[in-house]
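There's a structure below that I have some questions on.
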Amino acid sequence: MDSQSPSCVLVLAGKSSAETEIAKTLKSNNALKLPDNSEVRFFVHPEIQRPPSEEPFQIDLFLKSLSTNQFGRFFIWSPRLPSTHDVVSHNFCELPIGAVCAADIQSKGRGRSKNVWESPIGCLLFSFTIQMDDGKIVPLLQYVISLAITEAIKEICDKNGLPYLDVRIKWPNDLYLNGLKVGGILCTSTYKSKKFNVSAGIGLNVDNEKPTVCLNAVLRETSVASYKFTREDILAAFFNKFETLYNLFIHQGFQALEELYYKTWLHSGQRVIVQEKNGEQVVENVVSIQV
């Protein structure tokens with residue numbers, strides 16, 4: 001290990017005593033590693049009395065609002081990480097399925113085409129683990145995740161008497177609000193022991209108005225209420241929704257979610273250009289998306 005590498009703080013927490021015991025075991029065994037082999041300092045919540053962060057994630061608030069049977073119940077938080085996605089994918093076999101890692105700041109967040117960017121305070125940044133049997137439906141998982149986020153935001157608005165923020169899905173894995181990107185999803189998978197180990201990463205701009213738009217800025221424009229979206233509420237609402245939608249997806253197929261998905265995606269009625277190759281010529285046809 002490079003002696004100059006900065007140490008990383010990982011705070012482990014569980015919804016129940018069983019998940020808390022897993023956290024204690026992982027800490028005592030120093031079982032979780034980072035891809036760059038930098039030093040990791042472990043704490044089991046609530047060992048840290050003064051979280052090392054400007055705006056620390058409120059773990060108790062998140063766990064209290066969580067009502068799932070599997071997803072989100074084992075929780076890892078860090079004030080700063082290169083990438084939450086790398087934490088869960090690199091340690092997939094050490095973590096329980098449904099484990100989630102969240103960070104206040106990411107320095108090397110990942111996206112499509114190996115894009116890398118820094119994510120500042122004000123974003124909900126998390127990744128979690130899923131295990132699937134059928135490889136044919138793994139590519140559809142990102143649609144279920146996108147739908148769970150939009151439905152979670154809708155539920156929070158309904159619960160608090162707020163105007164609905166029209167967060168839309170831009171195919172295949174971006175989230176848009178008022179015509180600007182407000183979030184994105186990244187899913188990667190590996191195949192091991194006849195199972196597909198999927199790491200799903202999500203970034204959502206909750207309270208940072210730059211460089212595009214954030215949920216709270218739009219909410220201030222549309223409501224006189226003093227309510228602010230919090231990362232804790234959105235993350236809990238997401239997993240509560242995702243677990244329900246995921247079970248429908250696994251047992252009934254994506255067709256059980258299609259109607260709801262198409263109500264939420266951005267492209268209905270849009271005109272697109274389809275290119276087809278006819279011999280040596282490329283023919284362009286303008287079509288409208290009808291769903």
Side-chain angles (χ1 to χ4, degrees), residues 1-2 4-15 19-20 22-66 71-111 116-129 183-186 188 199-208 230-236 238-239:
M1 181 181 73
D2 184 352
Q4 301 301 313
S5 298
S7 62
C8 171
V9 171
L10 292 182
V11 180
L12 314 181
K15 172 75 172 175
E19 285 109 16
T20 302
I22 294 174
K24 292 177 179 177
T25 300
L26 291 174
K27 177 190 174 182
S28 64
N29 294 337
N30 290 318
L32 303 182
K33 309 295 181 183
L34 297 183
D36 62 0
N37 289 322
S38 57
E39 180 187 356
V40 179
R41 291 188 293 144
F42 293 97
F43 299 87
V44 175
H45 180 70
E47 288 177 343
I48 291 184
Q49 298 301 319
R50 293 182 179 179
S53 174
E54 296 178 17
E55 298 182 21
F57 191 93
Q58 301 297 312
I59 296 174
D60 288 329
L61 291 178
F62 161 64
L63 293 175
K64 182 179 180 181
S65 300
L66 191 70
F71 292 102
R73 295 178 62 90
F74 183 83
F75 184 69
I76 305 169
W77 169 76
S78 178
R80 184 182 182 93
L81 282 174
S83 166
T84 60
H85 202 86
D86 285 346
V87 171
V88 299
S89 61
H90 192 69
N91 298 284
F92 195 101
C93 295
E94 302 293 336
L95 297 170
I97 300 303
V100 56
C101 176
D104 293 346
I105 297 174
Q106 277 188 155
S107 59
K108 297 179 181 178
R110 296 172 57 189
V116 177
W117 65 90
E118 179 162 341
S119 304
I121 286 286
C123 296
L124 173 59
L125 310 164
F126 68 101
S127 301
F128 66 105
T129 61
I185 294 100
L186 172 71
T188 62
S199 300
I202 296 92
L204 181 67
N205 201 354
V206 179
D207 202 28
N208 190 316
T230 66
R231 295 175 297 161
E232 295 85 355
D233 282 346
I234 294 174
L235 187 59
F238 165 77
F239 279 119

Rounded to the nearest 0.5 Å, the CH2 atom of W77 sits from the CG atom of D104 at a distance of 5.5 Å
In this structure, CD1 of I202 is separated from NE2 of H85 (nearest 0.5 Å) by 9.0 Å
Scanning both residues in full, the closest heavy-atom pair of D233 with S65 reads OD1-OG, 4.2 Å
On a heavy-atom basis, the closest approach of I59 and A13 is CG2-CB, 3.8 Å
| Validation row: F238, L124 side chains within 4.5 angstrom (heavy atoms) | no
Quick check: does any side chain N or O of D86 sit under 3.5 Å from a backbone N or O of L34, one acting as donor and the other as acceptor?
no
Applying side chain to side chain contact (heavy atoms under 4.5 Å, CB included) to T20 and F74, what does each step give before you reach the verdict? CA-CA 8 Å; T20 302; F74 183 83; over 6 Å; no
Requested in this report: State, with a plain yes or no, whether a side-chain heavy atom of F42 is found less than 4.5 Å away from one of N30.
Outcome: yes
In terms of heavy-atom contacts, A31 and N91 come closest through O-OD1, 3.9 Å
Residue pair L61, T230: steps toward the side chain to side chain contact (heavy atoms under 4.5 Å, CB included) verdict: CA-CA 10 Å; L61 291 178; T230 66; over 6 Å; no
Next on the checklist: Please evaluate residues F75 and F239 with respect to the criterion ring-ring contact (aromatic ring centres under 6.0 Å, His included), reporting the C-alpha separation (whole Å), side-chain torsions for both, the decisive distance (0.1 Å), and the verdict.
Outcome noted: CA-CA 12 Å; F75 184 69; F239 279 119; 8.8 Å; no
Is the closest side-chain heavy-atom distance between R231 and L204 below 4.5 Å?
no
Worksheet entry | Main-chain N/O of L26 paired to E94 side chain as donor or acceptor, under 3.5 Å | no
- Message: Between Q58 and P56 (side chain of the first, backbone of the second, donor and acceptor by atom type, cut-off under 3.5 Å), is there such a pair?
- Response: yes
(message) Could you tell me if the side chain of L32 sits less than 4.5 Å from the side chain of V40, heavy atoms only?
(response) no
Note: G14 and L63 closest approach over all heavy atoms is O-CD1, 3.6 Å
Practice prompt. Could you walk me through whether K27 and F43 pass the side chain to side chain contact (heavy atoms under 4.5 Å, CB included) test, one step at a time?
Written response: CA-CA 7 Å; K27 177 190 174 182; F43 299 87; 5.6 Å; no
*S78 (side chain) donor-acceptor with V9 (main chain) under 3.5 angstrom*: yes
Worksheet item: Using a distance-only test with no angle check, is there a side-chain donor-acceptor pair under 3.5 angstrom linking T84 and Q106?
Response: yes
>> Determine whether a donor-acceptor pair (N or O, by modelled atom type, separation under 3.5 Å) exists between the side chain of T129 and the backbone of S199.
In response: no
**Request:** Could you tell me if the ring centre of F126 sits under 6.0 Å from that of F62?
**Result:** no
Heavy atoms of N205 and G122 approach each other most closely as OD1-O, 3.8 Å
Given 3.5 Å as the limit, does a donor-acceptor pair link the side chain of S127 with the main chain of C101, or not?
no
E19 meets the side-chain hydrogen bond (donor to acceptor under 3.5 Å, both in side chains) criterion, sequence neighbours left out, with S16, R73
(message) Show, in sequence, the C-alpha distance, side-chain angles and deciding distance for V100 and F71, and conclude whether the side chain to side chain contact (heavy atoms under 4.5 Å, CB included) test is met.
(response) CA-CA 8 Å; V100 56; F71 292 102; over 6 Å; no
dist L10:CG -> R41:CZ (nearest 0.5 Å) comes out at 10.0 Å
With sequence neighbours left out, the residues meeting side-chain hydrogen bond (donor to acceptor under 3.5 Å, both in side chains) with K15 are none
